[in-house]
Structure formats: C-alpha cells, structure tokens
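Only one structure is covered here, and it is reproduced in the block below.
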Amino acid sequence: MDIHEYQAKQLLAEYGVKIAEGGLAYSPEDAVQRSREIGGHVWVVKAQIHSGARGKAGGIKICKTHDEVRAAADELLGKRLVTHQTGPAGKQCLRLYIEAGTEIAKELYFSLLIDRARERIVMVGSAQGGMEIEELAETNPQAIKKIYIEPAVGLQDFQARKMAFALGIQADQIQHAVKLIQGCYRAMRDLDANMVEINPLVITGHGELVALDAKMGFDDNALFRRQKISELRDKTQEDPREMAAADRGLSYVGLDGDIGCMINGAGLAMATMDMIKLAGGEPANFLDVGGGASAERTEKAFRMVLQDKNVKAMLVNIFAGINRCDWIAEGVVQAVKNIDMKVPLVVRLSGTNVEQGRKIIEESGLPIITADTLAEAAEKAVQARNDVAAGRYQPPASRDTITSL
C-alpha cells in the first residue's frame, strides 16, 4: 500500500526527520489560506498522487504570490497527471500539499528498501539527488552507495555514519544525518513499511537536513496490525478493480489484455498468463481465488473479472488440491447461469475429483469450452478471443436459449 507525500512526511516527522512547514488543501481557497498560515514569500504547490516524477508532469508549482498559489491550485485540482509510473491513464489529483519554499544548497538521495534476494534491508544513498534513481543507476552507477542491514541486528551507528559520509555530508552535520537515517529506519521497522524514500533530501542554506519529498510503501499483509497506517489508504489512487477484489478477499491485479483469468494458486496463475502470451494472447488480469473457493466465492471472482469491459474471453484454470474440481465446477455453472455471460468461457480442471467436475460442466448444457491441458486451454482461450474480435462469436440470446458451442 502506498500513501501520499504529506502522509509520509507526517509519519517521518514523528521519528525525528525534519520537514518543511506545510498544509493540505482541497480547493484554491484552502491553498491560499495554507500559504497565509505558513507565511514567507515562496510556496510550493504539490499535487498529491501516488506516483513519482510529478514535477515532469507539471504537478509541482513554485509560487511567489497568493494569486499564483490560487492559480496553481485551480489548475492542478481535478487534473489527471500522466507519468511513466502511472501509465497512459494517469492519476487524478484531488488534494494538494502547500509547502514553504526552502533555500536549497545541495540535493541528496536516500532510501531504505527490502532486498528479498538477500533477505536484508538495503540502505541506498547518492550525493546526486533530485533525479530518478533508475536513470542515475544507468548513467552513473558509481554514484550510488548501498549498505545492507541485518534485520536481526538492526541499523548500527557506524552504518549510518558510513552512509552520511557517502552522501558527502560535512563533519559538523554528521550527527544530524545519523539521527535522520536512524529515524527513517525506525519508521520502516515499527510501521511494517517495505520502502522509505527521500528524494530530494536537501541541505539548506542554513546547513539543515530537510526531507523535501518523501514516499513510503507498506506491506499489505501487515495492515491488520497497523490500523493507523491502514486509515491512510486513498482508494481513489488505486485500480478500482483491485480495490473491489481486496474488499472481497480476492487477490486481483489488473492488466491491459483482454483474456480474463480465474485461477487458484499464484504460481499457476503466473504460468497460465505466460501460456496465454505464448499462444498469442494478452491476459486481462491476475486473479487467484485461493484454496477455499466455494460456489459463492467463485461467482464473486467471475463478476470481478467480467467487470473489465475489455475482456473478450475468459479462462478458468484450476488445479485442485485443497480445492475440489466438483466444487469449482458447481461454482462455474452457478456463475454462468446467474451472470448470463456474453463472452466465451474456457475451463480446464485437474486434480481432486476432476472427473466429477467435468461431468457437472458437461451435464449443465452451458456453452463452456473444456480443455485437458494448460497449453490447450490457453490456445482455446486465444482462439475464442480472436473469434469475438472478428465478430465470429454469437453470444447466447438468454439463459433459456443457451446452446452448446
């Protein structure tokens, strides 16, 4: 789960990280009022969306008068910002963060991430902040310093000092830098975060270290014990399909293809999507119905997949272990009858009670395409999708007049 910049800053400030004074605004009038409360002569109006590279997309405005603040807020509120992280659809800005202008002497980069391959927390820093770290890694990898932290031991003082020196921080500022680094680590550890990023971390004209931007990401699986963090979720910034699935206990990730998938098991789901692509198709989603898929849960999954208007065919691939094929078959039949599907459906069942499951589907009289292997199922799903795209598929007129394909 991601949160907004202002939320991340509020959390980090509680752990001793210095931030510039700022306030939230939902209207141009709010923005002007926040700038008056902050005082000074320079303000930064920042669009709050879950994406980096907001500046390149026009989402950050530097203003020197209250009229400029009002105009910037009026332009940004409701605007859909498109960055390389949002995809072509972009994300809509519904709130702004008004921040005091900061005199910047130097920009740095600092982050804490989880390296799953090494099972460590990695601390990443660079004396070249204010730019995309991916771009810097390609053009000048030597400029990036990495220090690995053993979770059982935690961040040690010497590691924090080593990173501070790598960032080019002067000796009289080292203690302040160590305090900031340790605060970020404690925030990550205490709040079950999987990412803390400050870019840029700036040294001001007065020699202070200030987090000028901040991003935090959290482990969804830990939210049940982090109510404070869970309440920071902004569902308007997430894929509505994924949010609807999560609210119903389903694991769903929306993709850009047109072949809907309902599968049990994450590994099988990944393999199925690969087979669809090998057969010349594009999956519309990742959907894992899990091990206890009742008929009701199966129908919910069907509805979730078919909410995507781009879906032209649907593939159900079940390898039953904890599940049983007859349970899944009953759920599929119930879903098709209740939903009145208008796209072709391919079903491949394997595992526990597979013969009973296939018999239920065959005797249902529904236009369900069956397959014995994963490769065959993927090929039939792609063919069905091509038939729909070419106008060769005629959906059943009604539930009462369904005939087999």
Side-chain angles (χ1 to χ4, degrees), residues 1-3 8 11-12 15 50-53 84-87 108-129 131-167 180-199 201 213-226 229 238-239 242 246 251-255 263-275 277-278 283 285-288 290:
M1 184 190 84
D2 295 326
I3 60 175
L11 292 174
L12 292 176
Y15 286 85
H50 289 176
S51 174
H84 69 277
Q85 295 182 11
T86 65
L108 313 170
Y109 175 92
F110 177 76
S111 69
L112 290 160
L113 306 165
I114 294 177
D115 188 325
R116 300 189 185 280
R118 296 200 183 193
E119 299 181 352
R120 299 286 189 276
I121 295 172
V122 58
M123 184 164 50
V124 182
S126 174
Q128 300 181 31
M131 63 184 296
E132 297 296 326
I133 194 66
E134 297 86 358
E135 180 181 336
L136 182 61
E138 290 183 4
T139 58
N140 188 13
Q142 294 78 17
I144 299 174
K145 175 69 174 179
K146 294 182 180 180
I147 298 175
Y148 288 90
I149 303 167
E150 167 59 57
V153 177
L155 175 66
Q156 300 297 295
D157 289 349
F158 80 89
Q159 292 177 309
R161 289 193 293 271
K162 188 175 181 180
M163 176 56 71
F165 283 117
L167 293 174
L180 180 143
I181 292 169
Q182 290 175 332
C184 289
Y185 177 79
R186 289 197 305 272
M188 183 177 190
R189 178 196 63 196
D190 295 350
L191 302 176
D192 286 312
N194 52 31
M195 183 269 288
V196 175
E197 181 184 68
I198 301 176
N199 186 30
L201 169 64
D213 193 5
K215 295 183 181 67
M216 292 185 74
F218 298 88
D219 186 344
D220 290 359
N221 296 316
L223 291 180
F224 73 95
R225 63 185 182 191
R226 302 289 175 219
I229 301 302
E238 302 185 33
D239 188 317
E242 295 178 14
S251 298
Y252 181 101
V253 178
L255 302 172
I263 305 153
N264 70 320
L268 183 60
M270 297 295 290
T272 302
M273 291 191 293
D274 287 344
M275 291 301 295
K277 291 182 72 69
L278 285 172
N285 63 275
F286 168 103
L287 174 59
D288 176 10

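In this chain, residues are counted from 1 in sequence order.
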Between V122 and K146 the two heavy atoms that sit nearest each other are CG2-CB, 4.0 Å

Supply the atom-to-atom distance R120 CZ to L113 CG, rounded to the nearest 0.5 angstrom. 15.5 Å

Quick check: do L112 and I149 have side-chain heavy atoms less than 4.5 Å from each other? yes

Which pairs would a plain distance check flag for residues 180-191, meaning a side-chain donor or acceptor within less than 3.5 Å of a matching protein atom at least two apart in sequence or in another chain?
from : atom 1 : to   : atom 2 : distance (Å)
Q182 : NE2    : D157 : OD1    : 2.4
R186 : NH2    : Y15  : O      : 3.4
D190 : OD2    : Y15  : OH     : 3.4

Determine yes or no for a side-chain-to-main-chain donor-acceptor pair under 3.5 angstrom, with D220 supplying the side chain and M1 the backbone. yes

Atom CG in L167, atom OG in S126: separation rounded to 0.5 Å? 7.5 Å

Please examine the side chains of M216 and L12, heavy atoms only from C-beta on, and report whether any two atoms are closer than 4.5 Å. yes

Regarding R118 and the six-membered ring of Y148, is the cationic atom NZ or CZ under 6.0 Å from the ring centre and inside 45° of its axis? yes

For M273 and L255, what are the C-alpha separation, side-chain angles and deciding distance, and is it a side chain to side chain contact (heavy atoms under 4.5 Å, CB included)? CA-CA 11 Å; M273 291 191 293; L255 302 172; 3.6 Å; yes

Rounded to the nearest 0.5 Å, how far does CG of L108 lie from CG of N199? 9.5 Å

Donor-acceptor check, side chain of Q156 to backbone of F158, threshold 3.5 angstrom: yes or no? no

Does Q85 use its side chain to pair, donor to acceptor, with the backbone of G52 at less than 3.5 Å? yes

As an exercise, state the distance from CD1 of I114 to CD of E119, rounded to the nearest 0.5 Å. 11.5 Å

Of all the heavy-atom pairs spanning P283 and K277, show the shortest one and how long it is. CD-CG, 3.8 Å

Sequence neighbours excluded, which residues qualify as side-chain contact (heavy atoms from CB on, under 4.5 Å) partners of K145? I147, K162, M163, A166

Distance check, rounded to the nearest 0.5 Å: L287 atom CG versus I263 atom CD1? 7.5 Å

d(N140 CG, Q142 CD) to nearest 0.5 Å is 5.5 Å

Are any of the side-chain nitrogens in R225 or D192 under 4.0 Å away from the carboxylate oxygens of its partner? yes

Sidechain-backbone polar pair: D213 side chain, I198 backbone, donor-acceptor under 3.5 Å: no

Going by heavy atoms in the side chains, are M195 and S111 under 4.5 Å from each other? no

Of the non-hydrogen atoms in A193 and V196, which two are nearest, and what is the gap between them? CB-CG2, 4.5 Å

